[in-house]
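Predicted, not measured: the structure shown is a model, and the values here were computed from it.
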Amino acid sequence: MEAVAPPMNRATSEQLCTLLDQMIWARCATEHARPRRPVRLHALPPTMWIRPARGVGGHKATQTGSLPATIAWRDGVLQAADPATERPVSAGWRVDAAGTHLNGTTDLTEGHTDLGRPTGSMWPTHRAPVLRAYEATRQLDEFTERGELARWTMLAHLEQFAHECVHQIAASICREITGIEDHETAVRLLDDQQLNLVVTHVLYGSAGPDSRVLRSLDRCLDPATTRNVDPIRYLTTQIRRDLSDQVRVAIGDPQVGPRVRRVARSLGTGAHLEEIISRYNDLHPSDRVSTTRAIRALTVAPSLESTAVRDV
């Protein structure tokens, strides 16, 4: 049974989407050429609220009526417009998420505005003031700095979420390993310190400034990554999956462990190791499970000791 994570409400999603916006602007600002003449620097919205297609979005969409979606802008989320040109300037955009497909253009004009995040439909016009070259350069540098801060703030939020999830995930894995019912108390396979190490490894990696979650954060900035799921759900789903993988690593459970145990239970407690392996390889020929991995899968917890293992 999959562990149920604490719900992420609309307010939390809004805060995390704001951090994502800052990270997306920062990535674009890092690659953006520094202007040498006055420009209008349009910081276009990286995300918006959409109404998902019927049957998409689950409980979260039912509660709020909308989901966040990443916007793909044809020439990027930061666009410099020449104030000297007299021809109209527009930016093409597309949203392809949660069964909803939207596209269009937004006119880029001079002015001052703070519209926040689009809801339901894109703004027809986006306004920005004329900046001198050094002002625009400073603004691009500020986008980069705010994005770096947003990245670590996001990581702190996700770390809190991971700490809230990891006990449920470990208990769920224990139930799967031991075969106990939901109403029975699960044995703790890892203590608090070990679970904290699991969270640290998933969030920050084992060496250097890299981890699975940081890589997921980078992928989340690409609209193609979140085409079928909102960006916040994508991140929380990745964290739950990574925590589950790391808990299994910490207790010595091989990747094929759950499948091996299902086969063993289907054959009954009297099945020998050779029978289990043979049946497993018939059902999953691409895995070709070895004796070593099969034994590891069947001895993760004492309650899994079987005749097959004792006869080895």
Side-chain angles (χ1 to χ4, degrees), residues 12-36 39-50 67-81 89-97 102-103 105-106 108 114-118 122-123 126 128 131 133-159 161 203-205 208-239 242:
T12 302
S13 291
E14 184 127 22
Q15 294 167 0
L16 297 183
C17 279
T18 297
L19 295 173
L20 276 178
D21 287 352
Q22 293 170 340
M23 292 164 62
I24 293 170
W25 280 323
R27 184 176 65 173
C28 194
T30 301
E31 300 168 353
H32 205 287
R34 270 34 184 178
R36 298 185 178 183
V39 296
R40 295 196 314 270
L41 190 60
H42 292 267
L44 300 166
T47 58
M48 68 180 292
W49 295 106
I50 62 168
L67 292 174
T70 309
I71 306 165
W73 290 94
R74 187 169 56 224
D75 296 314
V77 294
L78 292 177
Q79 299 193 21
V89 180
S90 62
W93 59 271
R94 186 184 74 255
V95 171
D96 184 10
L102 305 170
N103 64 82
T105 58
T106 294
L108 306 183
D114 183 12
L115 297 175
R117 182 175 292 109
M122 180 54 68
W123 309 318
H126 188 276
L131 302 175
Y134 82 90
E135 292 174 326
T137 296
R138 185 175 62 189
Q139 191 170 104
L140 289 169
D141 291 341
E142 288 173 355
F143 276 123
T144 301
E145 292 169 5
R146 284 198 297 268
E148 186 63 22
L149 177 60
R151 179 182 175 86
W152 292 107
T153 303
M154 173 72 84
L155 202 59
H157 283 294
L158 296 178
E159 181 177 2
F161 177 77
L203 267 292
Y204 301 101
D210 189 26
S211 71
R212 295 172 72 171
V213 169
L214 285 171
R215 292 193 293 273
S216 294
L217 262 180
D218 289 336
R219 288 193 297 270
C220 195
L221 305 184
D222 184 352
T225 301
T226 53
R227 182 170 296 158
N228 298 317
V229 64
D230 79 72
I232 305 308
R233 182 173 177 80
Y234 169 80
L235 287 173
T236 55
T237 298
Q238 288 295 116
I239 286 177
D242 292 344

Legend entry - Working for side chain to side chain contact (heavy atoms under 4.5 Å, CB included), residues W93 and L102: CA-CA 8 Å; W93 59 271; L102 305 170; 3.6 Å; yes

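- Closest non-hydrogen pair, A26 versus G147, comes out as CB-CA, 3.5 Å.
- Residues R151 and D218 are paired through a salt bridge, judged by an N-O separation under 4.0 Å between the basic side chain and the carboxylate.
- Interatomic distance, I24 CD1 to L221 CG, rounded to the nearest 0.5 Å: 5.5 Å.
- Residues W49 and P118 fail the side-chain proximity criterion, which asks for heavy atoms closer than 4.5 Å.
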Inset, instruction - Dump the intermediate steps for side chain to side chain contact (heavy atoms under 4.5 Å, CB included) on M48 and M122, then the final yes or no. - result: CA-CA 8 Å; M48 68 180 292; M122 180 54 68; 4.1 Å; yes

Legend entry - Evaluation steps, side chain to side chain contact (heavy atoms under 4.5 Å, CB included), between L20 and T70: CA-CA 9 Å; L20 276 178; T70 309; 5.8 Å; no

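- The backbone N or O of A91 lies less than 3.5 Å from no partner atom in the side chain of T106, so there is not a single donor-acceptor pair.
- Rounding to the nearest 0.5 angstrom, the gap separating the CD atom in E159 from the CG atom in L203 is 5.0 Å.
- In this structure, H126 and P45 approach most closely via the heavy-atom pair CD2-CD, 4.5 Å.
- Here the CD1 atom belonging to I232 is positioned 6.5 Å from the SG atom belonging to C220, to the nearest 0.5 angstrom.
- Residues R117 and T18 have side chains that bring a donor and an acceptor to within less than 3.5 angstrom of each other.
- One finds the CD atom of Q139 at 8.5 Å from the CG atom of L78 (value rounded to the nearest 0.5 Å).
- In plain terms, the two heavy atoms of V95 and A69 that are nearest each other are CG1-CB, 3.9 Å.
- Interatomic distance, CD1 of I239 versus CG of L158, reported as 4.0 Å (0.5 Å rounding).
- Using bins of under 30°, 30° to 60° and over 60° for the plane-to-plane angle, the ring pair F143/W25 lands in the tilted bin.
- Between A136 and L41, the shortest heavy-atom contact is O-CD2, 4.1 Å.
- Residues R34 and D141 are paired through a salt bridge, judged by an N-O separation under 4.0 Å between the basic side chain and the carboxylate.
- Considering OG1 of T153 and CD of Q15, their distance stands at 11.0 Å, rounded to 0.5 Å.
- Within the 4.5 Å cutoff, the side chain of H157 has heavy atoms near those of the L19 side chain.
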Inset, instruction - Could you walk me through whether M23 and R27 pass side chain to side chain contact (heavy atoms under 4.5 Å, CB included), step by step? - result: CA-CA 6 Å; M23 292 164 62; R27 184 176 65 173; over 6 Å; no

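- The two residues M154 and L217 have their closest heavy-atom pair at CG-CD2, 3.6 Å.
- A donor-acceptor pair shorter than 3.5 Å can be found between the side chains of S216 and R219.
- You'll find the side chain of R146 stays beyond 4.5 Å of the side chain of L149, heavy atoms only.
- The two atoms that bring R36 and A133 nearest to each other are C-CB, 3.7 Å, heavy atoms only.
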